[in-house]
Each structure stands twice: as structure tokens, then as C-alpha cells.
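Presented below is the structure to which this report refers.
Scope of the values below: all heavy atoms of this structure, side chains included, with no hydrogens, waters or symmetry mates. A, B, ... follow the sequence lines: proteins, then strands. Residue 1 opens every chain.
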Number of protein chains: 2
Amino acid sequence: MTATIRDVARRAGVSIATVSRAMRDPSIVSAQTLHRVQEAASDLDYTPSQLGRQLAERRHAANGIVFPDLSGPYYAEVVLGYEAVASELGRAVLILATHGRPAAAEMVTRLAGRCDGLVVLGPTVSDTVLLGLAARGVPLVTAARPPVAGVDSVSAENAGTARALATHLADQGARTVLFLGDPALSSDVQERLAGLEAGADAAGIGVRVLPVSSMDEEGGARAAEGLASGDLPDAIACANDELALGLMTALRTRGVVVPRDLLVTGWDDIMAARYAELTTVRQPLHDLGATAARFLDDFIAGRRSEPRHEVLPTELIVRSSSSPAKGDNQ
Amino acid sequence: MTATIRDVARRAGVSIATVSRAMRDPSIVSAQTLHRVQEAASDLDYTPSQLGRQLAERRHAANGIVFPDLSGPYYAEVVLGYEAVASELGRAVLILATHGRPAAAEMVTRLAGRCDGLVVLGPTVSDTVLLGLAARGVPLVTAARPPVAGVDSVSAENAGTARALATHLADQGARTVLFLGDPALSSDVQERLAGLEAGADAAGIGVRVLPVSSMDEEGGARAAEGLASGDLPDAIACANDELALGLMTALRTRGVVVPRDLLVTGWDDIMAARYAELTTVRQPLHDLGATAARFLDDFIAGRRSEPRHEVLPTELIVRSSSSPAKGDNQ
DNA sequence: CCCTGCTATGTAACCGGTTACAGAAACCGG
DNA sequence: CCGGTTTCTGTAACCGGTTACATAGCAGGG
């Protein structure tokens, strides 16, 4: 068995209190005692038990982060930004992927019992669950999902850039735009659609909506199959890049040439979008996670006043999928 | 303050032992008592403290996973596979990204104190650190790095598929192959190079090695600049996809046409490789993580006998970057 | 020389659970 | 009606730390 503080105390001929003090703050122990304790500790290869410490201090020194998935580049990058800041602040990071499981609520609640605070990303659990946690006093920050009353949130701007996207498509000569994605699925999608519609209205062009079975390449490919060849829109704005990529690939096999026959845009600016020459919107993913981590830390440390809701800026990236003029290069 | 087991016991008029029993195994408590305890617990909104429980049970019910980074799709996918299995086994997952920081060893050691076991991926900490942890009795599994004596490991096959890759390049008519990547950087790279050389030898073609400054797109782009225009090899085999993608993009701006002038291959089969039509090698990333999680669990549960070293199969994916015949489609 | 104040240390009460052990109550067959 | 089980519950000792409070020793000022 591994050595405990009592073993060290016995060996050094001091009390456990002294050992504890020597470990946490060497300056409050006499030089001689310190030396004896350190000797005993290293002899026994002693490492203070984090559990004992945490129980006594009544803090976990850990934060949790909950996300739907990690297979896309999206959440991975957010998690990474989060981890970078959290570990800098000396907190461990617990992750939980919900994968749309129905037991998600229970899993999140259990997770909340293991950490000092939680960041919840995207469509993972219902607002009810979050309100329940907040009521129990669990420090909470949401990211990439609609703000919940009284809970800090961080998200990326949607409507404004979507509006700019509509303007861009109109500038490229599009008269009819199809929005590919299910607004019911997430508030981000809703906001993107709303912005797109606003921009389209202003430019005097029309927007139709086509829901998808899933927000991945497969969903995009399926949507492509469903499009009537005779009646293609001028442009298809997809709710994310994966949809757009799947769509473009499927369209190509049908002989539709992008952007000549049809403009296509995505959202997220994942790495593959660059190589597919896909026009898209870049989000500050890393920052999203990092900001969430800082908000959470402020909250835990009691430095927050009112709930904050930060919206980070996004950027339209025009590539050749929506802009024949851009040629084949970026 | 949140309710403790003693509050519940007092309210239900029973001892804390009874409350504990009622919470963990309702069947060993009389129906009447159970009801009273449950009532009291729900009145007080009682949730057992994980910390108290963990200390008493002397287990964390959590595993850690250490990786260099999460920005590429590589580790993200492995982590995800790991998380899926671990959470199924009822264990929380703690993550730690080392980012090549020198303090990594200390961070890993601290992490080890918070979980029942650890999976260590790739170039994160030295073998010495791992041996130290193993000696302290920390259950350990390594993945995507060379096996350490006495420690379970999981990795993906390198040499065999690299050999197949060399054969493929020779079949495509390449006489000279340049390997792009620094073998000193990781054992995976070493093995890939060794396999490539073996295959090239067998096919009677030559291999040169060009180290890179970094294993990302930037590194690939820099390497492209360094190539003498007059003296291009027939093929460039890159140590990973990002290098290959960066290289191809840079070559294109120089007017070099792939695959007409030069064949290029990567390794990993990240999503962007598909869109760039890059020949590459697919690794079972999700499986890598999942297998590591199972190994670790077996170890912790005491079900292991001898250290195991599993090598998962990989698959050569030929696309048009190395195969003019493939045309522009996959 | 005594009193005061400071430093270094020990004692013991936590933190919030689990569980070995023991005792009480109820139930059983003979 | 009695001894032996079985079932349920309580007592108390952990798990491994932190820390409030008490105390001893010692230096310094009056």
C-alpha cells in the first residue's frame, strides 16, 4: 500500500499536522523539521492523496465539460481551448460526450458531483437539467447554445454573418437560395437561418428551407439525391461544412458543377473546407472554449457579478464554391 | 450547504449506516425504512458526495488520458473512442494535453493521483516517467507510442502498410521516393520509414529522407519551398496527411501538377485527405482508444495476466494523388 | 526577573461517506 | 416453549488529508 501522511509523521517523529504544513507551505515549519519531513517523505515515496485533500478542502480542483460529440473538428477544438486555460488555472478537466443518449441528464448530474463547475456545450441536455444544477449551486457556463436564465454563456455570432453571407450570394447573382439544415435541431442553426432570411429579404431574393436527416456528410449527400434536377436553386447555404461537403460530392457525381451551376456555402471552416474550396464562416472555436473556462473560473472564485453573455465574432471566408471569380485557388 | 448523509439519517430517524445501505443497495433494507430514507433524501435533495464515497472506497472511478494535442483529428478521435468505452464502464474521463510543455511529467504525475489508471498517447512524456508511475502501481496503458517494458500497449500497424505503399508507388512507376518527416520525432514515423525502405528495396527503388520543421501543413509547405525544381523525386511519401496537404498546396502554386509530375501520399486518412484526393493510410483511431480503455479496465479490475501489446491493422487508401488512373474521382 | 508576544508544534475535530461487527427482533421447526 | 437462523439496524472505526485551537519554548522590553 502507498504511504499516508501518518506513516510520514511517524517516520519523521512529528505529528501529521506538521507533515501537512511542511507539504503545503514549507516556510511555516522550522528548517530542521522541514528537512526531517522531506527526508521521510522521499524515503517512503510519499504523495499526498488528492482525495483526502479534496475532501478536507471541499473542492475538486476539477471542471467538467459536456459536449455532444468529438468526431467533428468543431467540439474538439473548443474542448482543446478549454483544456488549455483550465490546466493553466490548475484545474483538471473531466470530459463527457453525450452522443444524444437519453441518459445524458443523469450522466451530467453525476459529473456535476465530481467537479467544481461545468461547461455545457451545444445540444446535450435540456435547459431544465441546467436550471436544476444551477439551483443546486453548481457553477455553470454554457457555450454554443442559447443562453439559459441566470447562467453565463459564450457563443459565436450567427445572424450578422449569415446576413453578410446572403448579401454575398446575391452579389454573385443568386436569386433563389436553399438553406440546408434543420432549424429545429439547434439554436445556432435557427439564428443562421434567420440572418440569412434577413439578408435575403434586404437583397430581394428568396429563401427556402430543406431539413436534413443528419448534420453530417451523409445528410448532405441524401439531400443532394432529393433535389429535383430540373429545378435547382441558384445557391445552397448549408448549416455546416460537413453537410456542404457531402452535398458537393454527391452533386458532382450527378454532373452538377459548383460554382458554375450552383453556389454552395458551409459554416465552421473545418480543415476539409479549405481543400474543397468551400465558402464558409470561421468561428473562434479555441477562443470559445478558453472564454468559457475563464468565465467558469471567475464564477467559482466568486469574481462574477451579473451573469455574462459573450458573443464572439465570426468571419465570412469566401472561396471558389460561391465565387467563380476566385478561380480554382483560394 | 448541501445535505450530507447525517442530515438524511437524522431526518429519517435512522443511522447513517442505514442511509448508506439504502442508497447503495435498496434490497438489504426493510421496505418501511427504505421508504423513510428515500423520503428524507428527496426532501433534502440529497446527493451522496462523490468525494466521501471515493475516499471510503479508495477508488476514483475515473481514468485519465494524456495526449500531446487535440487540434488534429487524430487524437480527438482516439480520445472519443476512449471516452465512449470508459463512460460505458462507469468511469469518468480526465484529459490532459501536454502541448510539448516541459512540465508535462509533473502534470501527468499529478493526474495519476486523481484516477485509477492512465492511458498515455504519443509523444507526451518520457518512458522514465511511465516506468516511475508503473513502479508506483499506477495501472497504465500506452497507445500510439512504442511499448514500454511491462506496460500494456495498443498501436496501429506501420511497417507492413508502409511496405505496401512502397510497392504501390513502384507499381505507379516511381523510381525515386522522398520520405517527408522526421524519424527522430516519433517511433511511428520511424516504423513507417523502415517499412517504406524495405518495400522500396524489394522493388529496387531508392528512398531519401527529408526531415521537417513541424508535422503540420506549414511543415509541408516549407518543405515544398526547399525542393529543387530541377531535381524532383518521382514520389513524396509524407509522414502524415497534414504534411502532404501543405506540401501539395505549395507545390500547386509552383506549378507542379500532382500526380502528373509527382506522386504524393500521406498517412492517417483525415477528413481533408478525402477532399484533396490524397492517397493515405487509414488507422482505426476510434478502436485504438476503445481498446486502450478496455485494456486499462482489465488491468484495474485485476483481469490481466501478462502485459499485452496489441497492434491494430491499417489500410492503404489509394486516391488520385498517387494514381493518375484514378482520375479525378475517388 | 517577570511579563508579553511570537514561533513552532501537537491534539483533536472535522470533511462525507463505507463497512466490519454486534445486537435485537422476528421467524422457524422440533 | 425453546434454541437456532435469518433479517434488519446501529455503533464505531476507518479512508487520508486540513486546520482551529492550545501549548511549550524562547527572545525581548521594561
Side-chain angles (χ1 to χ4, degrees), chain A residues 1-41 44-62 92 110 112-116 136-137, chain B residues 1-41 44-62 90 92 110 112-116 136-138:
Chain A
M1 208 50 207
T2 152
T4 76
I5 196 173
R6 287 162 230 268
D7 299 329
V8 177
R10 198 174 313 126
R11 182 168 187 122
V14 299
S15 74
I16 60 167
T18 300
V19 176
S20 176
R21 287 190 277 253
M23 301 300 293
R24 345 190 70 236
D25 183 357
S27 75
I28 60 172
V29 153
S30 80
Q32 196 191 29
T33 309
L34 177 60
H35 182 253
R36 287 230 307 284
V37 170
Q38 286 178 335
E39 188 127 315
L44 296 173
D45 200 12
Y46 169 68
T47 320
S49 151
Q50 306 269 355
L51 277 175
R53 203 169 249 191
Q54 285 161 27
L55 182 59
E57 291 179 342
R58 273 178 289 181
R59 57 177 236 132
H60 300 262
R110 200 191 348 263
R114 312 187 52 122
C115 34
D116 303 322
R136 263 180 41 201
Chain B
M1 208 48 208
T2 153
T4 75
I5 197 172
R6 287 162 231 268
D7 300 328
V8 177
R10 198 174 312 123
R11 182 168 186 124
V14 299
S15 73
I16 60 167
T18 299
V19 176
S20 176
R21 288 190 276 254
M23 302 300 293
R24 342 191 71 234
D25 182 359
S27 74
I28 60 171
V29 152
S30 80
Q32 196 192 28
T33 309
L34 178 60
H35 182 254
R36 287 229 307 283
V37 170
Q38 287 179 334
E39 189 127 315
L44 296 173
D45 201 13
Y46 169 68
T47 319
S49 151
Q50 307 269 353
L51 239 41
R53 202 169 250 191
Q54 285 161 29
L55 182 58
E57 291 179 342
R58 271 177 290 180
R59 55 179 238 131
H60 295 81
R110 196 185 359 261
R114 312 186 52 122
C115 34
D116 303 321
R136 263 180 41 202
V138 178

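In this structure, B:Asp25 places its CG atom 13 Å from C1' of C:dT18, rounding to the nearest Å. Rounded to whole Å, atom C1' of D:dG16 lies 18 Å from atom CZ of B:Arg59. At whole-Å resolution of the value, CZ in B:Arg114 and C1' in D:dG17 are 14 Å apart. The NE2 atom of B:His60 sits 16 Å away from the P atom of D:dC15 (whole-angstrom rounding). For the pair B:Arg24 CZ and C:dT19 C1', the computed distance is 9 Å after rounding to whole Å. Per the geometry, CG belonging to B:Asp116 stands 14 Å off C1' belonging to D:dC15, to the nearest Å. Following rounding to the nearest Å, A:Met23 (CE) and D:dG16 (P) show an atom-to-atom distance of 15 Å. For the pair B:Glu57 CD and C:dG16 P, the computed distance is 17 Å after rounding to whole Å.
Each end of the helix from C:dC1-D:dG30 to C:dG30-D:dC1 gets its own axis, taken as the rotation carrying the C1' atoms of four end pairs onto the next four within a five-pair window, and the two axes meet at 40° to the nearest 10 degrees.
With C:dC15, C:dT9, C:dA20 as the candidates, the nucleotide lying closest to the side chain of B:Arg21 is C:dA20.
The shortest side-chain heavy-atom distance between A:Val29 and A:Val37 does not fall under the 4.5 Å cut-off. Between A:Pro48 and A:Ile5, every side-chain heavy-atom pair lies at or beyond the 4.5 Å cut-off.
We find the OG-CG distance between B:Ser27 and B:Leu34 to be 9.5 Å, quoted to the nearest 0.5 Å. Between the CD1 atom of A:Ile16 and the CZ atom of A:Arg6 there is a distance of 4.0 Å, given to the nearest 0.5 Å. Atom CD of residue A:Gln38 and atom OH of residue A:Tyr46 lie 13.0 Å apart, to the nearest 0.5 angstrom. Considering CG of B:Leu44 and OG1 of B:Thr2, their distance stands at 9.5 Å, rounded to 0.5 Å. Separating the CD atom in A:Glu39 from the NE2 atom in A:His35 is a distance of 4.5 Å, to the nearest 0.5 Å.
Contacts of residues 45-54 of chain B with DNA chain C (heavy atom under 4.0 Å): B:Tyr46, B:Thr47, B:Pro48, B:Ser49, B:Gly52, B:Arg53. Using a 4.0 Å cut-off on heavy atoms, the residues of residues 4-19 of chain A that approach DNA chain D are A:Thr4, A:Ile5, A:Arg6, A:Ile16, A:Ala17, listed by number.
Residue-to-nucleotide proximity on DNA chain D shows that, of B:Ser30 and B:Leu55, the 5′-proximal contact is made by B:Ser30.
Scored by the side-chain hydrogen bond (donor to acceptor under 3.5 Å, both in side chains) test, A:Arg11 finds A:Asp43 as partners (sequence neighbours excluded). Checked against side chain to side chain contact (heavy atoms under 4.5 Å, CB included), B:Arg59 has the following partners two or more places apart in sequence or in another chain: B:Glu57, B:Ala61, B:Arg91, B:Asp116. Every residue two or more places apart in sequence or in another chain that forms a side chain to side chain contact (heavy atoms under 4.5 Å, CB included) with B:Gln54 is listed here: A:Leu51, A:Arg114, B:Gln50, B:Leu51.
The phosphate of D:dT18 (OP1 or OP2) has no side-chain N or O of A:Arg58 nearer than 4.0 angstrom.
Judged by distance alone, the side chain of B:His60 and the main-chain N or O of B:Gly113 form a donor-acceptor pair under 3.5 Å.
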Going through the distances and angles, do B:Thr47 and A:Arg136 end up as a side-chain contact (heavy atoms from CB on, under 4.5 Å)? CA-CA 10 Å; B:Thr47 319; A:Arg136 263 180 41 201; 4.1 Å; yes
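Residue A:Ser20 is classed as a base contact, given a heavy-atom separation below 4.0 Å to a base.
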